[in-house]
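Everything below concerns the one structure shown next.
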Amino acid sequence: VQLQASGGGLVQAGESLKLSCVVSARTFNAYAIGWFRQAPGKEREFVAAVSWNGGSTYYADSVKGRFTISRDNAKNTVSLHMSSLKPEDTAVYYCAADNRYVMTTADYAYWGQGTLVTVSS
């Protein structure tokens with residue numbers, strides 16, 4: 001299983017950005033997908049997750065109401081729509097996959113390489 005995250009960039013506070021995670025897997029719809037982020041000097045933290053069928057979604061309190069996770073099983077893609085971005089959202093964002101169950105901890109079996117999001121004030 002391979003994951004490719006993309007869509008990061010430099011934006012100003014208050015703007016929006018969409019991250020995408022393309023997953024190479026024979027049975028993509030068997031995998032729960034999570035997004036995590038790691039800011040400089042900080043530990044990796046949970047951002048959002050979606051169950052295998054998209055029926056359940058989970059968000060960190062810090063992004064609830066601003067970020068939306070969604071998946072398109074026909075395109076093997078999970079998106080993270082980020083709005084009202086803040087400077088504290090600056091981090092490398094990673095997507096992860098696991099075919100056991102959806103998790104809000106960093107115990108996913110497979111990880112992508114990360115994409116950098118920088119929010120200027």
Side-chain angles (χ1 to χ4, degrees):
V1 178
Q2 294 183 324
L3 297 89
Q4 180 74 41
S6 63
L10 172 63
V11 297
Q12 293 190 334
E15 293 185 340
S16 299
L17 200 62
K18 186 183 84 170
L19 304 183
S20 295
C21 178
V22 178
V23 181
S24 298
R26 285 194 305 165
T27 55
F28 171 69
N29 60 7
Y31 289 84
I33 305 295
W35 282 98
F36 293 77
R37 66 186 182 187
Q38 187 166 18
K42 295 188 176 181
E43 293 190 354
R44 190 170 298 188
E45 64 175 2
F46 168 75
V47 176
V50 60
S51 61
W52 65 275
N53 63 353
S56 298
T57 56
Y58 304 85
Y59 298 93
D61 288 342
S62 59
V63 307
K64 203 171 291 184
R66 299 189 298 122
F67 291 13
T68 302
I69 189 170
S70 60
R71 67 188 294 157
D72 185 341
N73 283 351
K75 297 182 179 179
N76 282 29
T77 300
V78 172
S79 299
L80 184 68
H81 296 259
M82 307 183 295
S83 62
S84 302
L85 282 162
K86 305 174 181 180
E88 51 264 43
D89 294 318
T90 295
V92 176
Y93 284 70
Y94 300 88
C95 56
D98 202 291
N99 63 355
R100 293 172 293 169
Y101 40 79
V102 62
M103 294 173 277
T104 60
T105 58
D107 295 315
Y108 285 76
Y110 306 98
W111 291 80
Q113 86 293 352
T115 185
L116 176 62
V117 173
T118 304
V119 184
S120 63
S121 57

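- A salt bridge (Lys or Arg N to Asp or Glu O under 4.0 Å) check over residues 78-87, counting only residues at least two apart or in different chains, returns nothing.
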Intermediate values then yes/no, side-chain contact (heavy atoms from CB on, under 4.5 Å), C21 and L19: CA-CA 7 Å; C21 178; L19 304 183; over 6 Å; no
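- The two residues R37 and A91 come nearest to each other via the heavy atoms CB-CB, 3.8 Å.
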Side-chain donor-acceptor distances from residues 114-121 under 3.5 Å, at least two apart:
unit_1, atom_1, unit_2, atom_2, d
T115, OG1, G8, N, 3.0
S120, OG, V11, O, 3.4

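- Not counting sequence neighbours, the partners of S24 by the side chain to side chain contact (heavy atoms under 4.5 Å, CB included) test are Q2.
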Verdict with supporting geometry, I33 and F28, side-chain contact (heavy atoms from CB on, under 4.5 Å): CA-CA 10 Å; I33 305 295; F28 171 69; 4.1 Å; yes
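- Going from atom CG of N76 over to atom OH of Y31 covers 10.5 Å, rounded to the nearest 0.5 Å.
- To the nearest 0.5 angstrom, Y59 atom OH is 7.5 Å from L80 atom CG.
- No side-chain heavy atom of M82 sits less than 4.5 Å from a side-chain heavy atom of W35.
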Full working for side-chain contact (heavy atoms from CB on, under 4.5 Å) between L85 and F67: CA-CA 9 Å; L85 282 162; F67 291 13; 3.9 Å; yes
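- A distance of 7.0 Å separates CZ in R71 from OG in S51, rounded to the nearest 0.5 Å.
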Test side-chain contact (heavy atoms from CB on, under 4.5 Å) applied to K75 and S20, step by step: CA-CA 11 Å; K75 297 182 179 179; S20 295; over 6 Å; no
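- In terms of heavy-atom proximity, T104 sits nearest to F46 at O-CB, 3.2 Å.
- To the nearest 0.5 Å, the span separating OH on Y108 from CZ on R100 amounts to 9.5 Å.
- No side-chain heavy atom of T105 sits under 4.5 Å from any side-chain heavy atom of F36.
- Nearest heavy atoms, V102 versus A32: CA-CB, 3.5 Å.
- Looking only at distances, no side-chain donor or acceptor of Y58 sits under 3.5 Å from a matching main-chain atom of M103.
- Checked for salt-bridge contact, D89 and R66 meet the test: a charged N lies under 4.0 Å from a carboxylate O.
- Counting heavy atoms of neighbouring residues, nucleotides and ligands inside a 6.0 Å radius, atom CH2 of W111 exceeds 12 of them.
- Here the CD-CD distance, from E45 to Q38, works out to 9.5 Å after rounding to the nearest 0.5 Å.
- D98 contributes a side-chain N or O that, together with a main-chain N or O of A109, makes up a donor-acceptor pair within less than 3.5 Å.
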